[in-house]
Amino acid sequence: MQTLTNEEGIDLNANSVNPTNDARHASNTSAPLTKSQAEFWYLVECQGCNELARSLRMVHDLALYHSDIPFDTAEKSALFDVKVLWEGFEKMGAKV
């Protein structure tokens, strides 16, 4: 079993596969939203998180289960992105 020395901190990303995916920066609230980000959040608030989640789930399910089109890697990745987005909207809606 390998142990860390004091010089090797737990926060060190040397062994990380993709250090750009480190989410610690996500809690940085000092950066203001851009105009397009603010417009997006306004639209989300107007439409409602739960309604957007249901719509995205429906689009996902229609594409995946009711389509005869074969899926390649790009399509599978896009469907996964839609799933991540609808799950995020569901979590946002549950907190409201």
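- Of all the heavy atoms in Leu79 and Ala63, the pair that sits closest is CD2-CB, 4.0 Å.
- Atom-to-atom distance recorded for Glu51:CD and Cys46:SG is 11.5 Å, nearest 0.5 angstrom.
- By the 4.5 Å heavy-atom criterion applied to side chains, Phe40 and Leu33 are not counted as neighbours.
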* Evaluate salt bridge (charged side-chain N to carboxylate O under 4.0 Å, His left out) for Glu87 paired with Lys83, printing each intermediate quantity in order. => CA-CA 6 Å; Glu87 289 174 344; Lys83 183 177 188 279; 2.8 Å; yes

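- Within the 4.5 Å cutoff, side-chain heavy atoms of Cys49 are placed close to those of Val44.
- For Phe80, the CZ atom is loosely surrounded, since the number of other residues' heavy atoms within 6.0 Å does not exceed 12.
- Checked by atom type and distance alone, the side chain of Glu75 pairs as donor or acceptor with a backbone atom of Asp72 at under 3.5 Å.
- In the displayed structure, Ile69 atom CD1 is contacted under 6.0 Å by at most 12 heavy atoms of other residues, nucleotides or ligands.
- Taken from CG in Leu56 to CG in Asp61, the straight-line distance is 11.0 Å, to the nearest 0.5 Å.
- Once rounded to the nearest 0.5 Å, the distance linking CZ of Phe89 with CD of Gln47 reads 9.5 Å.
- By the criterion of side-chain heavy atoms lying less than 4.5 angstrom apart, applied directly or through intervening Ile, Leu, Val, Met, Phe, Trp or Tyr residues, Leu52 is not grouped with Val59; the two fall into different hydrophobic clusters.
- Side-chain atoms of Ser36 and Glu39 form no donor-acceptor pair, as typed in the model, at a separation below 3.5 Å.
- Rounded to the nearest 0.5 Å, atoms CZ (Phe71) and CG (Leu64) are 5.5 Å apart.
- Looking only at side-chain heavy atoms (C-beta outward), Glu90 and Arg54 stay at 4.5 Å or farther from each other.
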